[in-house]
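Encoded as structure tokens, the structure appears first; notes follow it.
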There are 2 protein chains.
Amino acid sequence: MTETKSTRPYKKVLDRLRAAGLRPTRQRLALAKLLFEGGDRHVTAEILHGEAQAASIRVSLATVYNTLHQFTAADLLREIVVDSQRSYFDTNMSDHHHFFHEKTNQLMDIPGDEIVVAQMPPPPPGTVVKRVDIVVRLDE
Amino acid sequence: MTETKSTRPYKKVLDRLRAAGLRPTRQRLALAKLLFEGGDRHVTAEILHGEAQAASIRVSLATVYNTLHQFTAADLLREIVVDSQRSYFDTNMSDHHHFFHEKTNQLMDIPGDEIVVAQMPPPPPGTVVKRVDIVVRLDE
DNA sequence: AAGAACCTTTTAACGATTCTAAACTAACTT
DNA sequence: AAGTTAGTTTAGAATCGTTAAAAGGTTCTT
């Protein structure tokens with residue numbers, strides 16, 4: 001049962017990459033493991049790179065950036081815009097929103113069912129709503 | 001009536017600066033004029049700097065940045081986070097939200113009364129909601 | 001008009017991100 | 001298994017938006 005985890009530690013993550021059409025390279029596997037086996041996470045490229053180093057995974061920062069973007073394009077991650085100076089990536093792909101504590105740079109998920117948008121204007125002609133992002137900015 | 005505009009073109013803007021406790025310098029007056037006399041606007045530092053140049057106002061980019069931040073601190077402007085690589089400033093200080101067209105980098109206001117958030121979770125203990133930002137991302 | 005406080009400018013620096021070109025590697029072919 | 005090829009990674013340089021420091025200029029108060 002947990003056999004899958006111990007005897008084939010990369011199986012799950014490998015399947016995800018294959019399913020996304022991404023070649024399962026050493027570094028993609030390692031980063032995917034860090035990202036997807038720790039529950040819902042919010043990371044910046046710097047943070048993930050730091051974690052990789054800490055885990056003795058040799059990966060360049062450029063590859064971390066590439067990988068985050070490829071994963072995002074493959075719908076394995078979602079980019080969150082809360083800070084105009086830094087990009088955060090979220091492993092939680094379900095419908096949800098965010099609390100953002102500006103002093104501490106902490107991001108927290110708000111489950112989709114805890115925010116209800118009752119009314120919304122139609123998108124301008126010729127456009128389509130891609131996503132609605134709600135950021136509740138916290139203070140104190 | 002429109003006399004105010006033609007005979008004392010800086011009167012309105014001057015009063016706003018004074019009210020905010022900002023010295024009405026040449027460049028602040030000029031930038032304020034560009035910002036506040038064109039209806040609701042969304043600008044980046046680059047854009048505003050470009051407009052100033054086009055209007056033959058000699059202002060350095062650093063001053064544009066300083067001014068945008070000072071105006072924001074003085075509640076004459078509001079910073080909007082829609083792009084993790086660029087800061088936008090909004091002259092519309094009323095309660096409202098935004099459409100953001102990612103291909104064209106176009107920002108459009110959504111009046112506050114056109115979006116209704118019916119339900120929202122309480123902020124985590126020890127924090128207070130500073131603002132709720134809703135960005136409707138458009139495509140196509 | 002003088003002094004003090006404040007503002008603007010230039011230039012250098014910064015952090016985050018992307019680019020480049022070369023080295024590498026996974027996957028396919030034989 | 002070796003060779004080929006296309007895709008990937010790398011280090012380092014380059015770029016972008018933004019901020020900082022230092023020097024000089026402006027505005028306000030008197």
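Worth knowing before you read on, the calculation uses all heavy atoms, side chains too, and leaves out hydrogens, waters and symmetry mates.
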Contact under 4.0 Å: [X] side-chain N or O vs [N] OP1/OP2:
| X | N | result |
| --- | --- | --- |
| Arg23(A) | dT25(C) | no |
| Ser87(A) | dT17(C) | yes |
| Tyr65(B) | dT18(D) | yes |
| Arg86(A) | dA16(C) | yes |
| Ser60(A) | dT10(D) | yes |

Mind calculating the distance between [atom1] ([X]) and [atom2] ([N]) to the nearest angstrom?
| X | N | atom1 | atom2 | value |
| --- | --- | --- | --- | --- |
| His49(A) | dA16(C) | NE2 | P | 13 Å |
| Asp83(B) | dA16(C) | CG | P | 16 Å |
| Ile47(B) | dT18(D) | CD1 | C1' | 15 Å |
| Leu29(B) | dT8(C) | CG | C1' | 14 Å |
| Leu22(A) | dA27(C) | CG | P | 12 Å |
| Leu61(B) | dT18(D) | CG | P | 9 Å |
| Leu48(A) | dT17(C) | CG | P | 12 Å |
| Gln27(A) | dG7(D) | CD | P | 17 Å |

Under 4.5 Å between side-chain heavy atoms, counting indirect links through other Ile/Leu/Val/Met/Phe/Trp/Tyr residues: same cluster for [X] and [Y] or not?
| X | Y | answer |
| --- | --- | --- |
| Ile134(B) | Met108(A) | yes |
| Val129(B) | Val117(B) | yes |
| Val81(B) | Phe99(A) | no |
| Leu77(B) | Val64(B) | yes |

Q) Of all the choices, dT8(D), dT10(D), dA16(C), which nucleotide is nearest to the side chain of Glu46(A) once you look at every atom? A)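 Nearest nucleotide to the side chain: dA16(C).
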
(Q) Nearest heavy atom decides the nucleotide; on that basis, is Val59(B) or Arg26(A) closer to the 5' end of DNA chain C? (A)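 The answer here is Val59(B).
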
Q. Taking the side chain as C-beta and beyond, is there a heavy-atom pair between Leu34(B) and Ile57(B) under 4.5 Å?
A.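 Answer yes - side chains close enough.
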
(Q) Just to be sure I understand the rule, does Thr25(B) reach a base, reach only the sugar-phosphate, or reach nothing, if contact means heavy atoms closer than 4.0 Å? (A)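 Contact class for Thr25(B): sugar-phosphate only.
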
Side-chain donor-acceptor contacts of residues 82-90 of chain A below 3.5 Å, not counting sequence neighbours, with atom names and distances?
from	atom 1	to	atom 2	distance (Å)
Asp83(A)	OD1	Gln85(A)	N	2.7
Ser84(A)	OG	Ser87(B)	OG	3.0
Ser87(A)	OG	Glu79(A)	OE2	2.7
Ser87(A)	OG	Ser84(B)	OG	2.9
Asp90(A)	OD1	Asn92(A)	N	2.8
Asp90(A)	OD2	His42(A)	NE2	3.3
Asp90(A)	OD2	His96(A)	NE2	2.8
Asp90(A)	OD2	His98(A)	NE2	2.8

Q) Listed in order of residue number, which residues of residues 67-78 of chain A have a non-hydrogen atom at under 4.0 Å from DNA chain C? A)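 When residues 67-78 of chain A is checked for heavy atoms under 4.0 Å from DNA chain C, the hits, listed by number, are His69(A).
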
Q: For Ala62(B) and for Gln85(B), find the nucleotide of DNA chain D with the closest heavy atom, then tell me which residue's nucleotide is more 5'.
A: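 That would be Gln85(B).
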
N/O donor-acceptor pairs under 3.5 Å from side chains in residues 14-23 of chain B, not counting sequence neighbours:
from	atom 1	to	atom 2	distance (Å)
Asp15(B)	OD2	Lys11(B)	NZ	2.8

